[in-house]
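The block underneath contains the structure these notes are about, expressed in structure tokens.
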Amino acid sequence: MNNIQMVDLKRQYENIKTEIDKGIQEVIDTTTFINGPQVKIFATNLGAYLGGTHVIPCANGTDALQIALMALDLQPGDEIIVPAFTYVATAEVIGLLKLKPVLTEVDPETFMITPAEIERVVTPRCRAIVPVHLYGQCAPMEEILEVAKKHDLYVIEDTAQAIGATYTFSDGRKAQAGTMGDIGCTSFFPSKNLGCYGDGGAMYTNNTELAGKLHMIANHGQAKKYHHSVIGCNSRLDTIQAAVLNVKLQNLDTYSAARNTVADAYDKSFANLSWLKIPKRVSNSSHVYHQYTIQLTDATDRDKLKAYLQENGVPSMVYYPVSLHLQEAFKTQEFGEGDFPICEDLCTRVLSLPIHTEMDQETLTYIIETVKSYK
Ligand SMILES: *Cc1c(COP(=O)(O)O)cnc(C)c1O
């Protein structure tokens, strides 16, 4: 079994090479590298896919989060609630804008922010919540939206890992991840579920006025060329990336299904292993398995398991080894060791296994047998 990868972008490309090459060549032939027609077409296509929301492309997922916060007219020191168990970008932009990240504990099974935690940390200075749809399924949005309404908070969804996941409300209404709050932020980083061939990102909103503002901020704060009404930034999706994304968006549902096939096989094969816990599936969200993340029991040494898998050609990754409240960069905040025991514990137990759109049966079986052979 040679060269198993966490994500197989090479094989994915080979399967769509003709269309991708054509799309990229068109951009080069017309030299419309910035704001070419493909960018608008992609925004329209993705908006339609998401059920008719406005899509504002930008340079990466981190920028999307930053621009979303910039659009809300917040004051320095305003508090933004964010889970401590996430990728750094979610909280980094809060600090960058001189806002105050209020980190929270997470649910030990879904690893996501909980409405109870939001209630516990909310103060009159809080202005927004940034739930993260971690690993590919939705945070408990119905309850989060209720808490937000009660305390008059904006909701910015970090949906960088969950594009294509759908959430079902108790009345049966379904919505795409990222379209339920005020603004949704996503990333097209190559290894994300809808990845381009470089950096890329986007914001979603159902609010037309907010869409205009996000557009303006991403474009140097100008509504009209060389007339700048607010301080903005320069954050664009390259036309070449939009061309790639236009091809890959057509395959997104097939890609999500392929990831689910892998996850189903893992679940079935690992459910009875006593030394690990398979990832929980929440009942009111579909899962797009950006990551398949197992939890090891106390008695299982993660480093040893990781080394064993590696020796046998199976890569694995730890997302995330350090909770945000213990990161050097956030040490100025009033958090310390022991403050979020669940996050700290998860950081020592989680292990993500290879999952991607191109996994063949032989590789899948090999990975499963290798994991099972550990103990
Ligand atoms: C990838 C990711 C981001 C940042 O996206 P970039 O495009 O790399 O800036 C933000 N939040 C989460 C949860 C992510 O996984």
Side-chain angles (χ1 to χ4, degrees), residues 6-7 9 42 46 55-70 80-97 101 103-104 106-107 110-113 128-139 141 144 155-165 177-178 181 183-204 214 218 233-238 240-242 244-245 248 259 279 285 287-293 317-324 327 329-330 343 346-347 350 352 355-356:
M6 291 297 288
V7 178
L9 294 178
F42 171 64
L46 181 57
V55 170
I56 302 95
C58 64
N60 56 67
T62 309
D63 273 11
L65 289 160
Q66 178 183 328
I67 295 164
L69 288 169
M70 287 169 78
I80 314 293
I81 299 174
V82 56
F85 191 76
T86 178
Y87 182 57
V88 66
T90 320
E92 184 176 36
V93 294
I94 300 171
L96 196 66
L97 295 171
L103 302 178
T104 68
V106 297
D107 180 289
T110 66
F111 318 150
M112 291 193 278
I113 199 165
I129 312 169
V130 188
V132 179
H133 302 315
L134 199 73
Y135 300 154
Q137 61 184 345
C138 293
M141 286 307 292
I144 289 172
V155 176
I156 299 175
E157 300 172 64
D158 182 342
T159 189
Q161 301 185 0
I163 194 163
I183 305 172
C185 299
T186 201
S187 163
F188 306 123
F189 186 83
S191 63
K192 296 284 156 83
N193 286 31
L194 180 62
C196 58
Y197 290 177
D199 274 308
M203 296 157 283
Y204 322 150
L214 292 167
C233 53
N234 174 25
S235 189
R236 293 184 285 242
L237 179 70
D238 288 343
I240 285 179
Q241 303 306 344
V244 169
L245 289 166
K248 287 183 68 173
R259 288 171 177 276
S285 171
H287 205 319
V288 293
Y289 286 100
H290 176 61
Q291 299 296 344
Y292 184 90
T293 304
M317 294 287 279
V318 175
Y319 302 112
Y320 297 92
V322 183
S323 178
L324 288 187
Q327 296 282 359
F330 293 91
C343 293
L346 285 175
C347 290
V350 290
S352 302
I355 194 161
H356 56 73

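Whatever order the structure lists ligands and atoms in, that order sets their numbers, starting from 1. Model, not experiment: these values are computed from the prediction.
Between Ala89 and ligand 1, a contact under 3.5 Å exists for no N or O pair. Inclusion of Thr86 in the set of residues having an N or O under 3.5 Å from an N or O of ligand 1 is not warranted.
Counting only heavy atoms of the protein, atom 4 (C) of ligand 1 lies nearest to Thr62 OG1, 3.6 Å. Protein heavy atom nearest atom 11 (N) of ligand 1, with residue, atom name and distance: Asp158 OD2, 2.7 Å. Considering only non-hydrogen protein atoms, atom 15 (O) of ligand 1 sits nearest to Gln161 NE2, 2.9 Å. For atom 2 (C) of ligand 1, the nearest protein heavy atom (residue, atom name, distance) is Lys192 NZ, 2.6 Å.
When each atom of ligand 1 is checked for a heavy atom of Gly61 under 4.0 Å away, the hits are 5 (O), 6 (P), 7 (O), 9 (O). The Ser187 neighbourhood of ligand 1 comprises atoms 5 (O), 6 (P), 7 (O), with distances under 4.0 Å to a heavy atom of that residue. The atoms of ligand 1 that sit less than 4.0 Å from any heavy atom of Asn60 are 7 (O), 9 (O).
Atom CD in Glu92 sits 9.0 Å away from atom CD in Gln66 (nearest 0.5 Å).
Closest non-hydrogen pair, Cys343 versus Thr104, comes out as SG-O, 4.2 Å. For the residue pair Pro190 and Leu9, the shortest heavy atom distance occurs at O-CD2, 3.5 Å. Between Val288 and Asn193, the closest heavy-atom pair is O-ND2, 2.8 Å. Here the closest heavy-atom approach between residue Pro131 and residue Met141 is recorded as CG-SD, 4.0 Å. Nearest heavy atoms, Cys138 versus Ala165: SG-CB, 4.3 Å.
The shell of residues lying under 4.0 angstrom from ligand 1, judged by heavy atoms, excludes His290.
Ring centroids of Phe42 and Phe188 are separated by less than 6.0 Å, placing the two rings close together.
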